Structures are given as C-alpha cells and as structure tokens.
Enquirer: 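Provided herewith is a single structure, encoded as structure tokens, for subsequent inquiry.
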Amino acid sequence: MLEQLDQIEKDALAALETVKDSAALSAWKSAHIGRSSPLSVFLGDLGKLPAEERPQAGKRGNEIKRALESAFGTREASLQASELERSLQSDKLDISLPGRPAKRGRLHPSSQVLRKIYSVWADMGFQIYRSRNVESDEYNFTLLNIPPHHPARDMWDTFYTTDPKVLLRTHTSPGQIHAMREFAPEPVRVILPGMCFRYEQITARSEIQFHQVEGLAVGPGITFANLKATLSDFARRMWGENVGARFRADHFPFTEPSLELDIECFVCGGKGCPVCKYGGWLEILGAGMVHPTVLRNGGYDPKVFSGFAFGMGPERISMLRHGIEDIRNFWANDLRFLEQF
Ligand code: DAH
C-alpha cells in the first residue's frame with residue numbers, strides 16, 4: 001500500500017519534469033493532483049482500508065499531496081519566469097517609436113474673446129462680478145427703469161418660467177442692480193460677463209442664447225468725459241493704439257444720455273468692405289450714464305453719485321474679428337468650425 005503511494009509520487013514528479021509550458025502544466029495538475037487523480041482517488045478510498053493501515057496511509061497520502069502541490073507551485077513560478085523572459089526576448093518593445101499624439105484641446109472662440117475682454121478691463125481696474133442667469137422680472141426690467149407694459153420691453157422678449165415673475169435674463173444689465181446693492185454706498189467698478197437669452201427666431205444673425213459683458217462704474221463725480229475716455233481706452237487696448245472710435249447718440253431706458261460706440265473697421269481700415277457693410281465702422285457696444293432712477297434702485301443717492309455703464313456682445317466681436325458669417329456656429333459644437341480658432 002505504501003509502495004503504491006511511493007509509486008504515485010514518483011510518477012507524478014517524473015511527469016512534472018517533462019512539463020515545458022503552462023498548457024502542459026495545467027494538464028499535469030488535473031492528472032496528478034486533480035479530483036480524479038490516482039492520489040485523490042486513493043485518499044478518497046481510505047475508508048476501505050483495514051482500520052490499522054488507515055492512519056499511516058492517510059498521513060503518507062497527505063504528505064505526498066503537499067509535496068506535489070509545492071512542486072507544482074515551484075514549477076509554475078519557473079515556467080512563468082521563463083515565459084516572460086522569452087516574450088521579452090522575442091516581442092521587443094521599441095521605445096524609440098513615436099507615440100500616438102494626444103489631441104490638443106483649445107478654448108472655445110467665445111472664451112477666447114471673453115478672456116481678452118477680461119484682461120483689458122482688469123488692467124483698467126474693473127473686477128469681474130458674476131450674477132445669475134435666471135432673474136426676476138423686477139431685476140431684468142423694472143429696476144432698470146423699464147416698468148411693466150413699457151414699450152421698451154418689446155426689445156427684449158425672453159423665455160418665461162411657469163412663474164411669470166421668473167425669467168431667463170435678456171441682458172447682463174440686471175447684474176448692475178445686484179452689484180450696486182452689494183457695494184452701495186462704496187464706489188463700484190465691475191464688469192459682469194455671462195450668458196443671456198432671448199426669444200428670437202434663430203438665424204445667421206440672431207441666436208436664442210449668447211454672451212454679454214456688461215460694465216459698471218459708480219462713484220462720486222463720474223462724468224460723461226470719463227465714460228468717453230474709458231471706452232476709447234478700451235478700444236485702443238482691445239484693437240490697437242491707432243483704432244478710430246466714434247460715439248453715436250442712442251437710447252436705452254437705464255442710461256441717460258445713451259450712446260453707441262463704433263470702431264473703425266479693422267478689416268478694411270475704414271475704407272469700406274463686406275464686414276462693415278461698406279460703412280467703414282463697426283458697432284461694438286451700447287453705453288451711457290447710469291439713469292438716476294437706476295442709481296436710486298441700486299442704493300445710491302443720484303445727487304452725490306453718478307456712473308456709467310456699457311454692454312457688449314463677445315460673439316458679435318468675435319464674428320467681426322474672424323469674419324464669421326453665421327452666429328449659429330458658436331453653439332453647434334461642430335469641430336470643423338471650432339478647430340479653426
Ligand atoms: N443691455 C443692453 C442690451 O442688451 C446693452 C447695454 C446698453 C448695456 C447700454 C448697458 C448700457 O449697460 O449702458 O441691448
């Protein structure tokens with residue numbers, strides 16, 4: 001009986017010697033230590049042996065089982081090492097091959113102009129003030145001197161929510177009220193960038209959402225001359241030292257007097273071309289002296305304080321700069337467009 005066991009062990013170890021790869025090793029494993037291997041069958045049949053032989057046979061059988069398992073482990077490790085060695089030799093990794101180039105991202109064209117605008121105003125001492133996209137009717141219109149039913153509201157139709165007093169802002173101007181109410185009676189000098197929304201037919205020239213950058217300066221003794229000087233300086237910093245700028249009278253309910261700033265067409269230098277529609281000038285922003293009612297709504301006494309405000313559309317500026325003919329490109333997410341900037 002013990003001889004039979006010795007034979008099982010000897011056969012198994014001899015067979016293990018001939019194992020050359022992992023497939024053969026797993027075949028060996030099931031043949032010699034698997035559930036139907038001679039050793040397992042022997043151990044399973046222990047009960048059939050005469051009682052006096054059982055302890056010794058069991059002890060020896062289990063010794064052999066442990067010995068075979070450990071021989072298996074050793075063989076497995078050495079086979080893995082030699083297989084790794086072989087694959088390192090045969091499948092050499094050529095680390096001098098150029099890698100796959102990572103695709104480089106870039107900023108959206110709107111972010112590019114926005115950052116340029118931020119940096120120009122930052123240099124001039126204007127801080128960024130963020131305000132909400134969802135506004136109340138009161139902030140978007142009434143506090144900006146556009147009372148309910150005033151015809152000026154027709155210029156800015158928007159998206160209303162189920163609460164008629166809550167809407168998507170049509171311009172960044174309501175941020176002026178938030179900023180003034182936060183800082184009054186201290187002076188303010190801020191720009192208010194952000195997304196605006198309008199209920200419009202979407203065409204090459206108008207979108208239902210777009211950015212604006214609003215500006216506001218309030219303090220004692222700010223004059224119309226300060227407004228003109230500041231906007232002229234902005235135009236020079238943005239479009240170059242020699243850019244021509246002109247102011248045209250206009251009307252906005254929240255400023256008095258109001259104006260529009262045009263700059264000399266940077267494509268043709270003012271001679272006339274398709275970008276400026278042969279007029280030589282490009283319309284850049286609306287501005288004016290903050291209306292006394294708006295100052296009061298912001299918490300300032302208009303007898304002591306005055307200020308100016310302006311609002312511009314970065315997408316429009318970007319379209320003029322790059323000759324983009326269709327505003328819908330900005331939110332269409334078409335890489336063929338975006339990759340050009
Ligand atoms: N909110 C105006 C618009 O959306 C733009 C604007 C004009 C803003 C004059 C101003 C301003 O602050 O003074 O058309």
Side-chain angles (χ1 to χ4, degrees), residues 114 117 121 124 126-133 135 137-146 150-159 167-181 188-200 205-219 222-232 234-235 245-263 282-295 297-298 300 302 305-317 327:
L114 281 168
I117 294 170
W121 286 108
M124 293 165 74
F126 284 72
Q127 212 176 328
I128 292 183
Y129 187 91
R130 301 259 170 210
S131 78
R132 59 198 74 166
N133 290 357
E135 268 299 352
D137 181 280
E138 194 189 13
Y139 273 81
N140 195 75
F141 295 119
T142 314
L143 294 171
L144 291 170
N145 200 28
I146 316 172
H150 192 281
R153 286 198 175 205
D154 294 349
M155 284 162 65
W156 295 285
D157 198 8
T158 185
F159 299 99
L167 46 85
L168 298 186
R169 66 174 175 190
T170 59
H171 48 181
T172 41
S173 306
Q176 291 188 27
I177 306 286
H178 290 292
M180 286 191 279
R181 288 188 170 182
V188 224
R189 224 191 267 176
V190 288
I191 55 167
L192 309 106
M195 200 52 103
C196 303
F197 308 86
R198 292 199 192 161
Y199 181 67
E200 299 250 8
R205 298 181 64 82
S206 54
E207 251 292 3
I208 57 168
Q209 71 175 80
F210 51 88
H211 287 101
Q212 279 191 347
V213 179
E214 188 89 10
L216 175 71
V218 178
I222 290 182
T223 67
F224 193 72
N226 297 139
L227 166 59
K228 287 183 72 177
T230 308
L231 290 181
S232 304
F234 167 71
R246 73 175 185 189
F247 298 91
R248 265 184 304 111
D250 203 342
H251 167 76
F252 298 101
F254 28 86
T255 45
E256 178 59 33
S258 306
L259 59 85
E260 290 235 334
L261 168 70
D262 295 344
I263 61 161
L282 302 170
E283 199 182 297
I284 292 299
L285 53 80
M289 298 305 290
V290 181
H291 195 286
T293 303
V294 176
L295 280 174
N297 291 340
Y300 291 94
F305 288 89
S306 54
F308 61 78
F310 54 85
M312 67 189 92
E315 276 83 39
R316 213 188 111 67
I317 292 174
I327 195 172

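Each ligand, and each atom within it, is numbered from 1 in the order the structure gives. Because the structure is predicted, anything quoted here is derived from the model rather than measured.
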Enquirer: Under the salt bridge (charged side-chain N to carboxylate O under 4.0 Å, His left out) rule, collect the residues that match up with Glu207, sequence neighbours excluded.
Expert: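 Residues passing salt bridge (charged side-chain N to carboxylate O under 4.0 Å, His left out) with Glu207: none at all.
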Enquirer: For Asp137, is there an ion pair with Arg153 - N to carboxylate O distance below 4.0 angstrom?
Expert: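 Answer for the salt bridge query: yes.
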Enquirer: Can you list everything that forms a side chain to side chain contact (heavy atoms under 4.5 Å, CB included) with Gln209? Sequence neighbours excluded, please.
Expert: Met195, Phe197, Trp331
Enquirer: Using the test side chain to side chain contact (heavy atoms under 4.5 Å, CB included), find all partners of Arg316 that sit at least two apart in sequence or belong to another chain.
Expert: Glu283, Leu320
Enquirer: Identify which one of His171, His150, His291 satisfies the ring-ring contact (aromatic ring centres under 6.0 Å, His included) criterion when paired with Phe254.
Expert: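 Only one of His171, His150, His291 forms a ring-ring contact (aromatic ring centres under 6.0 Å, His included) with Phe254, namely His171.
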Enquirer: I'd like a table of the close N/O pairs between ligand 1 and the protein (anything under 3.5 Å), one pair per line with both atom names and the distance.
Expert:
unit_1: ligand 1; atom_1: 1 (N); unit_2: His171; atom_2: ND1; d: 3.0
unit_1: ligand 1; atom_1: 1 (N); unit_2: Ser173; atom_2: OG; d: 2.9
unit_1: ligand 1; atom_1: 4 (O); unit_2: Trp156; atom_2: NE1; d: 3.4
unit_1: ligand 1; atom_1: 4 (O); unit_2: Arg198; atom_2: NH2; d: 2.9
unit_1: ligand 1; atom_1: 4 (O); unit_2: Gln212; atom_2: NE2; d: 2.9
unit_1: ligand 1; atom_1: 12 (O); unit_2: Gln176; atom_2: NE2; d: 3.1
unit_1: ligand 1; atom_1: 12 (O); unit_2: Glu214; atom_2: OE2; d: 2.5
unit_1: ligand 1; atom_1: 12 (O); unit_2: Phe310; atom_2: N; d: 3.4
unit_1: ligand 1; atom_1: 12 (O); unit_2: Phe310; atom_2: O; d: 3.3
unit_1: ligand 1; atom_1: 13 (O); unit_2: Ala309; atom_2: O; d: 3.2

Enquirer: Using the side-chain contact (heavy atoms from CB on, under 4.5 Å) definition, which of the options Glu214, Arg189, His178 pairs with Tyr129?
Expert: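 Testing each of Glu214, Arg189, His178 against Tyr129, the sole residue satisfying side-chain contact (heavy atoms from CB on, under 4.5 Å) is His178.
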